[in-house]
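Working notes, structure below.
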Amino acid sequence: MKRTLLTLILFLLPLLIFISCSSTKTSIIGEWQEENYQKGSIQKVLVLGIVNKEKPLLRRNFEDGMARAFEDGGINATPSMDHMPYDVEIDSTTFEKYFKELKVDAVVVSRLAAVDAARDFKAGYLYTIPYNSYYGFYGYYYAGVSMANSAGYLSQNVVVVLETNIYETTNKKLIWSGISETVEPEKASDVINSFSDELVGRLKREGYFK
């Protein structure tokens with residue numbers, strides 16, 4: 001019996017070491033919240049990834065991964081690409097055209113902020129809401145599109161930094177903004193899965209969901 005147990009441990013140990021070494025971790029290292037927003041009313045969200053137009057599959061995978069994480073957290077989530085062509089930019093007219101009938105409570109928008117070999121963001125630093133984000137979704141969207149269309153994505157670097165804004169749809173105001181870093185991802189799906197789980201878990205703990 002002891003020999004069998006020892007053999008099992010010796011067999012599993014390398015596997016456990018491999019899993020622990022290769023796991024990707026995401027941390028939300030800064031956040032801002034609208035103090036006057038009444039939490040607890042979100043039950044349906046629209047997920048939008050601001051991604052280079054030449055990479056529709058990346059946007060598809062990102063939005064699908066985010067939507068799955070919200071669904072697992074008990075929130076109805078819709079990827080924007082389910083309803084809108086990937087190469088159409090969003091303005092007030094297109095938003096009404098493609099998304100009005102969905103009657104979502106909030107729009108979750110994420111964009112690439114940086115891909116670095118070393119950490120530029122440190123846990124505990126003072127995070128202030130990004131320029132063009134507080135006063136409207138569209139200003140932030142266009143600023144994000146400009147960067148997405150000029151920035152690179154995963155290469156040999158080890159830290160992926162994402163910026164995420166959440167807008168409620170009644171008054172179209174920003175209610176939550178955060179910056180996250182994902183350390184040592186091997187592929188894009190590592191970032192998507194790790195980030196999505198961390199974001200949804202944070203929002204759930206902070207009481208945003210109905």
Side-chain angles (χ1 to χ4, degrees), residues 20 22-51 58-59 61-80 104-116 119-134 137 140-141 144 148 154 158-185 187-210:
S20 63
S22 62
S23 61
T24 300
K25 178 174 176 56
T26 295
S27 299
I28 295 177
I29 58 174
E31 67 173 333
W32 173 91
Q33 301 183 46
E34 170 55 65
E35 295 180 355
N36 296 323
Y37 175 71
Q38 185 66 43
K39 296 179 181 179
S41 60
I42 296 177
Q43 57 182 345
K44 187 174 185 180
V45 300
L46 175 71
V47 176
L48 173 62
I50 301 179
V51 176
L58 178 60
R59 178 178 166 189
N61 291 337
F62 180 84
E63 293 185 358
D64 285 350
M66 286 281 287
R68 281 194 299 270
F70 275 102
E71 294 281 354
D72 290 344
I75 299 301
N76 191 318
T78 301
S80 70
V104 296
D105 302 308
V107 181
V108 181
V109 191
S110 293
R111 73 175 183 90
L112 178 71
V115 181
D116 299 305
R119 301 186 188 192
D120 288 335
F121 300 88
K122 302 297 183 183
Y125 82 105
L126 179 62
Y127 177 66
T128 57
I129 56 175
Y131 177 70
N132 273 339
S133 64
Y134 183 75
F137 161 72
Y140 178 74
Y141 172 79
L154 286 183
V158 295
V159 179
V160 176
V161 181
L162 297 178
E163 185 177 74
T164 301
N165 282 353
I166 301 177
Y167 297 84
E168 54 85 26
T169 54
T170 302
N171 298 308
K172 300 180 177 63
K173 284 189 174 182
L174 180 68
I175 59 173
W176 189 93
S177 182
I179 201 88
S180 66
E181 63 175 18
T182 302
V183 180
E184 297 184 351
K187 50 190 180 296
S189 60
D190 293 340
V191 179
I192 295 168
N193 296 333
S194 178
F195 165 71
S196 300
D197 290 343
E198 178 65 21
L199 176 65
V200 172
R202 171 69 67 96
L203 296 173
K204 192 172 184 177
R205 291 192 299 272
E206 292 180 349
Y208 280 91
F209 300 159
K210 189 169 183 178

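For the numbers below, each heavy atom of this structure counts, side chains included, while hydrogens, waters and symmetry mates do not.
Between the side chains of Gln33 and Tyr208, at least one donor-acceptor pair of N or O atoms lies under 3.5 Å. For the 3.5 Å distance criterion, the side chains of Ser80 and Arg59 qualify, holding a donor opposite an acceptor.
Atom CD1 of residue Ile75 and atom NZ of residue Lys210 lie 10.0 Å apart, to the nearest 0.5 angstrom. Of the inter-residue distances, the one linking Leu48 atom CG with Tyr167 atom OH reads 10.5 Å to the nearest 0.5 angstrom. To the nearest 0.5 Å, the span separating OG on Ser110 from CD on Glu163 amounts to 9.0 Å. Here the straight-line distance linking atom CG of Asp64 with atom OG of Ser196 works out to 10.0 Å at 0.5 Å rounding. Note: Phe195 CZ to Thr24 OG1 = 14.0 Å, rounded to the nearest 0.5 Å. Here the CH2-CD distance, from Trp176 to Glu34, works out to 14.5 Å after rounding to the nearest 0.5 Å.
Salt bridge absent: Glu168 and Lys173 never bring a charged side-chain N and a carboxylate O closer than 4.0 Å. Between Glu31 and Arg202, at least one side-chain nitrogen of the basic residue sits less than 4.0 Å from a carboxylate oxygen of the acidic one, meeting the salt-bridge criterion.
With Leu162 as the fixed residue, the side chain to side chain contact (heavy atoms under 4.5 Å, CB included) test singles out one of Leu112, Ile192, Thr26: Leu112. For the side chain to side chain contact (heavy atoms under 4.5 Å, CB included) with Val108, the qualifying choice from Ile42, Ile166, Val200 is Ile166, the only one to do so.
Although no hydrogens or angles enter the test, the distance criterion places a donor-acceptor pair under 3.5 Å between the side chain of Glu63 and the main chain of Gly49. Of the possible donor and acceptor atoms, none in the side chain of Asp105 sits under 3.5 Å from a partner among the backbone N and O of Val45. In terms of modelled atom types and a separation under 3.5 Å, the side chain of Ser177 and the main chain of Trp32 share no donor-acceptor contact.
With sequence neighbours excluded, no residue forms a salt bridge (Lys or Arg N to Asp or Glu O under 4.0 Å) with Asp197. Listed by chain and number, the residues in a salt bridge (Lys or Arg N to Asp or Glu O under 4.0 Å) with Glu71 amount to none (sequence neighbours excluded).
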For this session: Check the pair Lys39 / Ser41 against side chain to side chain contact (heavy atoms under 4.5 Å, CB included), numbers first and verdict last.
Result: CA-CA 6 Å; Lys39 296 179 181 179; Ser41 60; over 6 Å; no

For this session: Output, in order, the C-alpha distance, side-chain angles, deciding distance and verdict of side chain to side chain contact (heavy atoms under 4.5 Å, CB included) for Asp190 and Thr182.
Result: CA-CA 9 Å; Asp190 293 340; Thr182 302; 5.8 Å; no

Exercise. Going through the distances and angles, do Val109 and Ile50 end up as a side chain to side chain contact (heavy atoms under 4.5 Å, CB included)?
Worked result: CA-CA 7 Å; Val109 191; Ile50 301 179; 3.6 Å; yes

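Between Pro185 and Val160, the shortest heavy-atom contact is CG-CG2, 3.9 Å. The two atoms that bring Pro79 and Leu46 nearest to each other are C-CD1, 4.3 Å, heavy atoms only. Here the closest non-hydrogen pair linking Ile28 and Leu199 is CD1-CA, 4.0 Å. Nearest heavy-atom pair across Phe70 and Ala77 is CB-CB, 3.6 Å.
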